Protein chains: 2
Amino acid sequence: MSDRGVELRLDAASGLPFYRQIIQQIEHAILARRLEPGDRLPTIRALSVELRINPNTIQKAYAELELRGIVTTQVGSGTFVSDTPIDSAEEELLARIDERVGRFVKDMEELGIGRERMAALVLGFREDR
Amino acid sequence: MSDRGVELRLDAASGLPFYRQIIQQIEHAILARRLEPGDRLPTIRALSVELRINPNTIQKAYAELELRGIVTTQVGSGTFVSDTPIDSAEEELLARIDERVGRFVKDMEELGIGRERMAALVLGFREDR
DNA sequence: ACTATTGTACTAGATGAATAGTACAATGTC
DNA sequence: GACATTGTACTATTCATCTAGTACAATAGT
């Protein structure tokens with residue numbers, strides 16, 4: 001069974017709320033095949049202890065993941081990666097997105113731009129002339 | 001005197017606060033030479049009426065622009081674009097940044113990604129493995 | 001059946017930020 | 001010098017949103 005699983009790392013300074021970081025990292029782990037269908041996610045309580053945050057915050061993340069069909073939850077037994085968490089069409093799209101975001105972030109960081117500013121630039125950009 | 005000046009357009013749905021949109025758009029107008037050194041910006045009150053927002057919101061934007069040396073304010077007469085709002089080294093950098101942001105936004109929009117999501121992806125991206 | 005373990009629901013606190021309200025100060029104009 | 005016009009300062013309200021607290025419900029294991 002090896003080192004299958006998620007290694008969640010929260011960054012309070014990132015500007016992204018915890019629950020959203022969790023979602024993103026789990027999604028990413030699935031795309032990277034570090035999590036596969038059927039794998040069990042850490043229990044809400046276990047994570048809540050490990051990350052030192054409230055159970056509800058993780059619950060919120062898991063709930064959204066379930067809504068998107070990425071995980072399935074079974075009260076009493078846990079939360080599991082769905083059979084087909086991401087269909088292959090979507091998967092390819094996500095891979096492309098990830099690739100572009102990575103390129104962009106790297107480029108911008110080389111220009112000395114921090115994440116927050118990148119985000120602001122993206123939000124405020126207008127094509128107009 | 002022509003059509004020199006700014007055409008500010010606020011978008012409440014953009015996720016960026018008004019005062020920041022104002023800053024960004026004025027900066028952009030300067031880079032695009034639609035505003036030049038010495039040009040007078042709309043008065044706080046005039047904008048407050050036109051945009052239907054509180055004077056203080058514009059004041060906040062102008063204050064930050066002044067702090068950055070981009071504009072100069074004279075109580076009684078108004079707010080003006082500084083002599084050298086942006087030095088040429090910085091200008092080139094900003095142009096490059098703008099270009100990359102534009103490319104990125106366009107790419108992502110073609111993939112069906114909205115601004116908010118782009119911002120979240122940027123904030124949460126991790127190079128790790 | 002019992003008990004522990006899992007997720008769930010609901011409420012409330014806390015925080016932070018953006019914007020608004022209102023009154024003030026300085027300068028320009030006549 | 002009076003008055004209008006400009007920016008400024010300070011406070012407070014609104015608002016959203018995340019996170020925490022706490023108690024509940026369902027399932028699994030024995």
Side-chain angles (χ1 to χ4, degrees), chain A residues 6 8 10-26 38-82 116-117 119-120 123-124, chain B residues 6 8 10-26 38-82 116-117 119-120 123-124:
Chain A
V6 237
L8 293 176
L10 299 186
D11 174 9
S14 97
L16 260 199
F18 291 159
Y19 81 97
R20 201 145 282 289
Q21 295 185 41
I22 295 172
I23 292 171
Q24 210 162 312
Q25 290 180 29
I26 289 178
D39 282 356
R40 187 187 183 199
L41 298 183
T43 71
I44 287 180
R45 279 174 182 76
L47 267 190
S48 116
V49 170
E50 182 184 337
L51 302 178
R52 336 250 299 209
I53 63 181
N54 194 283
N56 248 325
T57 303
I58 296 135
Q59 148 67 6
K60 190 171 182 179
Y62 282 14
E64 177 164 338
L65 286 168
E66 170 148 49
L67 217 62
R68 292 207 219 148
I70 294 180
V71 304
T72 299
T73 72
Q74 293 289 340
V75 177
S77 54
T79 302
F80 303 86
V81 177
S82 305
E116 302 266 334
R117 189 164 166 214
L123 287 174
Chain B
V6 237
L8 293 176
L10 299 185
D11 174 10
S14 98
L16 259 199
F18 291 159
Y19 81 96
R20 200 144 283 288
Q21 295 185 41
I22 294 172
I23 292 171
Q24 209 162 312
Q25 290 180 30
I26 289 177
D39 281 357
R40 187 186 183 202
L41 298 183
T43 72
I44 288 179
R45 278 173 182 78
L47 267 189
S48 116
V49 170
E50 183 185 335
L51 303 177
R52 333 249 302 208
I53 64 179
N54 194 283
N56 249 325
T57 303
I58 296 135
Q59 148 68 3
K60 191 170 181 178
Y62 281 15
E64 177 164 338
L65 287 168
E66 170 149 48
L67 217 62
R68 292 206 220 149
I70 294 181
V71 304
T72 299
T73 72
Q74 293 289 341
V75 178
S77 54
T79 302
F80 303 85
V81 177
S82 304
E116 302 266 335
R117 191 165 165 213
L123 286 174

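Values in this document were obtained by computation on a predicted structure and should not be read as measured data. First the proteins, then the strands, lettered A, B, ... as listed; each starts at 1.
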note: D11(A), atom CG; dC18(D), atom P; distance rounded to Å ~ 16 Å
Could you check if a side-chain atom of Q25(B) sits within less than 4.5 angstrom of a side-chain atom of V6(B), using non-hydrogen atoms only? no
Its contact letters, B for base, S for sugar-phosphate only and - for none at protein heavy atoms under 4.0 Å, make nucleotides 10-16 of chain D read B------
Heavy atoms within less than 4.0 Å of DNA chain D: which residues of residues 68-82 of chain B have one? Give them sorted by number. T73(B), V75(B), G76(B), G78(B), T79(B)
Heavy atoms within less than 4.0 Å of DNA chain C: which residues of residues 43-54 of chain A have one? Give them sorted by number. T43(A), I44(A), R45(A)
Out of curiosity, L47(A) CG to I53(A) CD1, how far, rounded to the nearest 0.5 Å? 7.5 Å
What's R40(B) touching, base or sugar-phosphate or nothing? Going by heavy atoms closer than 4.0 Å. sugar-phosphate
Any donor-acceptor pair under 3.5 Å linking the side chain of R40(A) with the backbone of S77(A)? yes
If I take atom CZ in residue F18(A) and atom P in nucleotide dT15(C), what distance separates them, rounded to the nearest angstrom? 14 Å
OP1 or OP2 of dG7(C) under 4.0 Å from side-chain N/O of Y62(A): no
Specify the separation, in whole Å, of atom CG of L16(B) and atom P of dA17(C). 15 Å
Under 4.0 Å: is that the gap between some side-chain N or O of Q59(A) and OP1 or OP2 of dG7(C)? no
Separation of dA18(C) atom P from I23(B) atom CD1, nearest Å, is 10 Å
Between L16(B) and D11(B), is there a side-chain heavy-atom distance shorter than 4.5 Å? no
Would you kindly give the OH-to-P distance between Y19(B) and dG7(D), to the nearest whole Å? 20 Å
Find the distance between CG (L65(A)) and NZ (K60(A)) and round it off to the nearest 0.5 Å. 13.0 Å
What pair of heavy atoms forms the shortest contact from P55(A) to I44(A), and how long is it? O-CG2, 3.4 Å
Side-chain atoms of T57(A) come closest, of dG7(C), dA20(C), dA20(D), to dA20(D)
Taking every non-hydrogen atom, the tightest pair across G69(A) and S82(A): O-OG, 2.9 Å
Tell me: CZ of R20(B) to P of dA18(C), nearest whole Å? 8 Å
For P42(A) and Y62(A), which heavy atoms make the closest approach, and how far apart are they? O-OH, 2.8 Å
When every non-hydrogen atom of L123(B) is compared with those of S14(A), the smallest separation belongs to CD2-O, 3.5 Å
4.5 Å side-chain heavy-atom contact, L41(B) and T73(B): no
May I ask you to decide whether R68(A) forms a salt bridge with E64(A), counting only side-chain N to carboxylate O separations under 4.0 Å? yes
From CG of L67(A) across to P of dG7(C) the rounded distance in Å is 17 Å
Looking at K60(B), I'd like to know whether one of its side-chain N or O atoms comes within less than 4.0 Å of OP1 or OP2 on dT19(C). no
With rounding to the nearest 0.5 angstrom, report the OG1 to CD1 distance, T57(B) to I22(B). 7.0 Å
How long is the line joining CG of L123(A) and C1' of dA18(C), in whole Å? 15 Å
For the side chain of P17(A), starting at C-beta, report the closest nucleotide among dT8(C), dA18(C), dT19(D). dT19(D)
